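Numbering starts at 1 and runs along the sequence shown. Just so you know, these numbers come straight off a predicted model, no measurement behind them.
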Amino acid sequence: MDYKSIYNEWLENPYFDDETKAELKAIENDEKEIEDRFYKELAFGTAGLRGVIGAGTNRMNFYTVRKATQGLADYIIKMKGQKKGVAIAYDSRHMSPEFADAAALCLNANGIKAYVFDELRPTPELSFAVRELGCISGINVTASHNPSEYNGYKVYWEDGAQITPPHDEGIMDAVNKVGITDAKTMDKEEAIEKGLYVQIGEDIDARYMEELKKLVKNPDSIERAQKDIHIVYTPLHGAGNKSVRRILKELGFENVHVVPEQELPDGDFPTCPYPNPETPQAFELAVKLGREVGADILLATDPDADRLGVYLKGRKPGKYHALTGNMSGCLLAEYELSQMKIAGTLPDDGEFIKTIVSTNMANDIAGFYGVKLVECLTGFKYIGQQIKRMEDTGKGHFCFGFEESYGCLVGTHARDKDAVVASMALCEAVAYCKTQGMSLWDKLKEMYERYGYWKDGTESIELKGKEGVEKIASTIDNLRHNVPTEIGGYKVLKTRDYQMNTIRDMVTGKMSHTGLPESNVLYYELEGGAWVAIRPSGTEPKLKFYYGIRGNSFADGEEKIKELGKSTVDMVHSMMK
């Protein structure tokens with residue numbers, strides 16, 4: 001059927017509720033809006049669902065959530081995992097608890113037990129709960145750092161990581177076979193009576209906290225320095241508030257100042273319409289409070305508390321330095337590896353994992369500490385996949401993992417990025433540096449002097465709607481078939497096409513394989529250690545660019561990264577047709 005026929009079907013079919021029909025009736029004269037809501041089904045991709053909340057096949061609503069869950073249930077039954085159950089969490093977004101219940105009751109109607117958190121929880125705790133409860137799968141209802149009109153649905157497998165091959169394709173196939181009106185559901189009271197709907201909460205919280213405490217490297221430093229440290233934290237109206245404050249309090253940090261305007265959950269995100277800790281706007285209130293209390297570090301977690309933004313106090317009074325995800329990730333990696341080396345616990349077969357679009361400073365850190373640097377595709381699930389590989393083979397020990405998009409993991413308690421443990425570890429690093437007569441900013445400057453003044457940047461072009469999807473695809477295709485010989489004055493030495501599984505030496509013409517799974521990413525190795533990567537976002541209607549250089553000083557790095565970023569965007573615009 002065409003989109004207008006599907007629209008009319010939703011208006012007429014008694015399966016859809018009156019509220020949904022009223023919403024659709026209100027747009028009957030807006031042909032473009034009708035087309036956007038019904039020209040396709042909201043895609044269930046390798047990261048699950050994500051979209052604007054509303055009525056329609058291309059929107060997040062009860063019906064699209066149930067359809068996705070019915071497909072997941074069918075796949076779980078096919079894999080004979082229905083007796084293990086599914087853990088479900090959600091964040092502070094509009095409709096998150098309602099969508100969590102919709103998913104749970106669909107699973108229940110298929111005879112699968114659902115363990116549902118009693119209130120919002122961080123994404124990493126959901127990852128932890130999947131393994132702790134021995135579940136076959138997990139669902140987290142969240143749209144991460146997207147604006148308030150969005151919600152989403154992430155699916156995890158029994159290893160605690162988001163779904164990877166072959167399960168991602170298996171679940172996608174199962175979801176695609178389900179009709180929008182075919183999903184099962186049942187009454188909540190009946191599901192509770194039958195023991196299918198089980199509420200979880202404090203018991204899992206306590207076990208999660210205990211696992212985090214085991215990861216502390218320097219409790220003596222916290223005890224000695226914590227009274228002299230001031231920490232400002234903002235959960236950005238999201239799920240991190242209780243967990244971050246609890247772990248810091250239980251470790252002994254007394255001076256934790258929470259931004260009051262952003263403390264409580266609020267799906268409208270009134271103080272930061274784009275609740276992303278990457279943006280300066282998200283930190284405006286934290287910086288203000290930080291100056292008032294003389295904070296050593298400012299921390300911000302996104303709505304589902306898997307990403308962490310960091311500002312460090314500089315030497316000038318009231319000056320705070322914003323860290324990129326690459327900077328905070330490398331700073332934490334340096335701290336964790338150095339402390340293991342000092343304690344004599346750094347494993348001989350240790351591995352430091354990063355994604356292909358993350359800074360090459362990580363390569364230098366790994367080399368300095370003698371651990372293996374492993375690259376994987378963009379998405380933290382691939383870091384989780386590497387942890388599973390080490391456990392399954394008995395070869396390699398996970399030391400640290402991070403991606404440039406403000407996500408990292410200390411320990412293996414979770415298989416997704418964890419802003420709660422990252423907050424804990426960075427505050428511990430502040431305490432350790434304080435005992436050494438230095439600040440964390442001093443430590444970062446010391447790293448630049450050792451490894452080089454690496455700078456990185458990201459840009460994106462947002463292209464919404466059907467036309468935007470097509471434009472993104474055609475632009476990537478043009479770049480794939482028109483390989484540049486230089487970008488921003490840097491010669492292209494090698495190109496990697498992860499979709500075609502090829503690496504091409506631009507000097508010799510020699511071809512080799514990437515060795516990673518297929519992914520629509522183009523990567524350019526440039527002279528002088530510089531690099532550029534381009535890919536479509538997996539969760540937003542954006543074409544994303546990543547790039548990095550090694551400068552000779554802070555000023556040199558800043559100048560070079562701006563030039564490379566502008567040249568990259570100009571190159572991509574020239575390929576848009």
Side-chain angles (χ1 to χ4, degrees), residues 46-47 278 324-327 329-330 353-364 373-383 401-407 454-463 472-473 475-506 512-550 557 560-576:
T46 56
E278 299 179 37
T324 65
N326 279 320
M327 294 165 73
C330 284
I353 307 171
K354 70 159 189 168
T355 59
I356 57 175
V357 297
S358 300
T359 179
N360 286 339
M361 180 187 272
N363 303 51
D364 294 342
L373 191 284
V374 177
E375 285 192 327
C376 60
L377 292 177
T378 306
F380 218 88
K381 62 184 180 181
Y382 294 109
I383 295 178
F402 86 105
E403 59 183 2
E404 59 76 36
S405 57
Y406 292 66
W454 286 98
K455 294 291 293 183
D456 56 89
T458 59
E459 298 284 346
S460 63
I461 298 174
E462 187 170 20
L463 298 162
I472 289 171
T475 302
I476 287 282
D477 193 55
N478 286 338
L479 286 164
R480 176 167 283 118
H481 293 98
N482 296 278
V483 180
T485 56
E486 65 87 22
I487 304 175
Y490 296 91
K491 288 183 180 179
V492 179
L493 303 180
K494 289 184 180 180
T495 64
R496 308 181 207 166
D497 187 332
Y498 286 93
Q499 183 156 294
M500 305 303 292
N501 189 28
T502 59
I503 301 175
R504 176 184 174 188
D505 189 313
M506 297 292 283
S512 57
H513 297 300
T514 65
L516 293 181
E518 180 181 308
S519 184
N520 195 13
V521 183
L522 300 175
Y523 190 104
Y524 306 98
E525 295 181 37
L526 311 179
E527 60 186 345
W531 61 277
V532 169
I534 302 171
R535 73 176 183 95
S537 171
T539 56
E540 301 170 276
K542 292 180 178 180
L543 191 57
K544 303 188 76 171
F545 326 117
Y546 309 79
Y547 44 92
I549 56 92
R550 177 192 273 150
K560 287 179 176 176
I561 201 67
K562 287 179 182 177
E563 291 175 356
L564 183 56
K566 182 179 183 304
S567 297
T568 300
V569 174
D570 289 346
M571 177 186 72
V572 173
H573 274 297
S574 72
M575 291 288 180
M576 286 187 173

- [ ] Decide side-chain contact (heavy atoms from CB on, under 4.5 Å) for Asp456 and Glu404; before the verdict, give the C-alpha distance in whole Å, the side-chain angles of both, and the deciding distance to 0.1 Å.
- [x] CA-CA 9 Å; Asp456 56 89; Glu404 59 76 36; 5.8 Å; no
Open item on the list: If we ignore hydrogens and angles and just use 3.5 Å, is the side chain of Lys354 paired with the main-chain N or O of Leu373 as donor and acceptor?
Closed with: no
TODO: Mind listing the closest non-hydrogen atom pair of Ile476 and Leu522 along with its distance?
DONE: O-CD1, 4.0 Å
Task: Trp454 side chain to Asn326 side chain, donor-acceptor N/O pair below 3.5 angstrom - done: no
- [ ] Could you walk me through whether Leu479 and Tyr524 pass side-chain contact (heavy atoms from CB on, under 4.5 Å), step by step?
- [x] CA-CA 11 Å; Leu479 286 164; Tyr524 306 98; 4.1 Å; yes
Open item on the list: Please enumerate all residues that pass ring pair (Phe, Tyr, Trp, His ring centres under 6.0 Å) together with Phe545, with sequence neighbours excluded.
Closed with: none
Open item on the list: Quick check: do Asn360 and Arg550 have side-chain heavy atoms less than 4.5 Å from each other?
Closed with: no
Open item on the list: When you measure from the side chain of Asn501 to the backbone of Thr514, do you find a donor-acceptor pair of N or O atoms at a distance under 3.5 Å?
Closed with: yes
TODO: State which residue, out of Ile356, Thr355, Val357, Leu377, fulfils the side chain to side chain contact (heavy atoms under 4.5 Å, CB included) condition with Glu403.
DONE: Thr355
- [ ] Using distance alone, with no hydrogens and no angle criterion, decide if Glu459 and Tyr547 have a side-chain donor and acceptor under 3.5 Å apart.
- [x] yes
Open item on the list: Show the nearest heavy-atom pair for residues Ala533 and Tyr523, with the distance to one decimal.
Closed with: CB-CD1, 3.8 Å
- [ ] Verify side-chain contact (heavy atoms from CB on, under 4.5 Å) between Lys455 and Leu564, making sure each step is shown before the conclusion.
- [x] CA-CA 11 Å; Lys455 294 291 293 183; Leu564 183 56; over 6 Å; no
Open item on the list: Looking at every heavy atom in both Ser358 and Trp531, which two are closest together, and how far apart are they?
Closed with: O-CZ2, 3.9 Å
Open item on the list: Looking at Met361, is its backbone amide N or carbonyl O close enough to the side chain of Thr359 to form a donor-acceptor pair, meaning the two atoms are under 3.5 Å apart?
Closed with: yes
Task: Check: Ala473 main-chain N/O paired with Asp477 side-chain donor or acceptor under 3.5 Å - done: no
- [ ] Check whether more than 12 heavy atoms from other residues, nucleotides or ligands sit under 6.0 Å from atom CE of Met506, and answer yes or no.
- [x] yes
Open item on the list: Within a 6.0 Å radius of atom NZ on Lys542, are there more than 12 heavy atoms belonging to other residues, nucleotides or ligands?
Closed with: yes
TODO: Taking the side chain as every heavy atom from C-beta outward, state whether Met327 and Thr324 have any pair of such atoms under 4.5 Å apart.
DONE: yes
Task: Heavy-atom pair of closest approach, residues Leu543 and Ile472 - done: CD1-CG2, 3.9 Å
Open item on the list: Test of understanding: with side-chain hydrogen bond (donor to acceptor under 3.5 Å, both in side chains), list the residues that count as partners of Tyr498, not counting sequence neighbours.
Closed with: Arg496
- [ ] Indicate the atoms forming the closest heavy-atom contact of Ile503 with His513, along with that distance.
- [x] CD1-O, 3.5 Å
Open item on the list: What I'd like to find out is whether the side chain of Thr378 reaches to under 4.5 Å of the side chain of Lys544, using heavy atoms alone.
Closed with: no
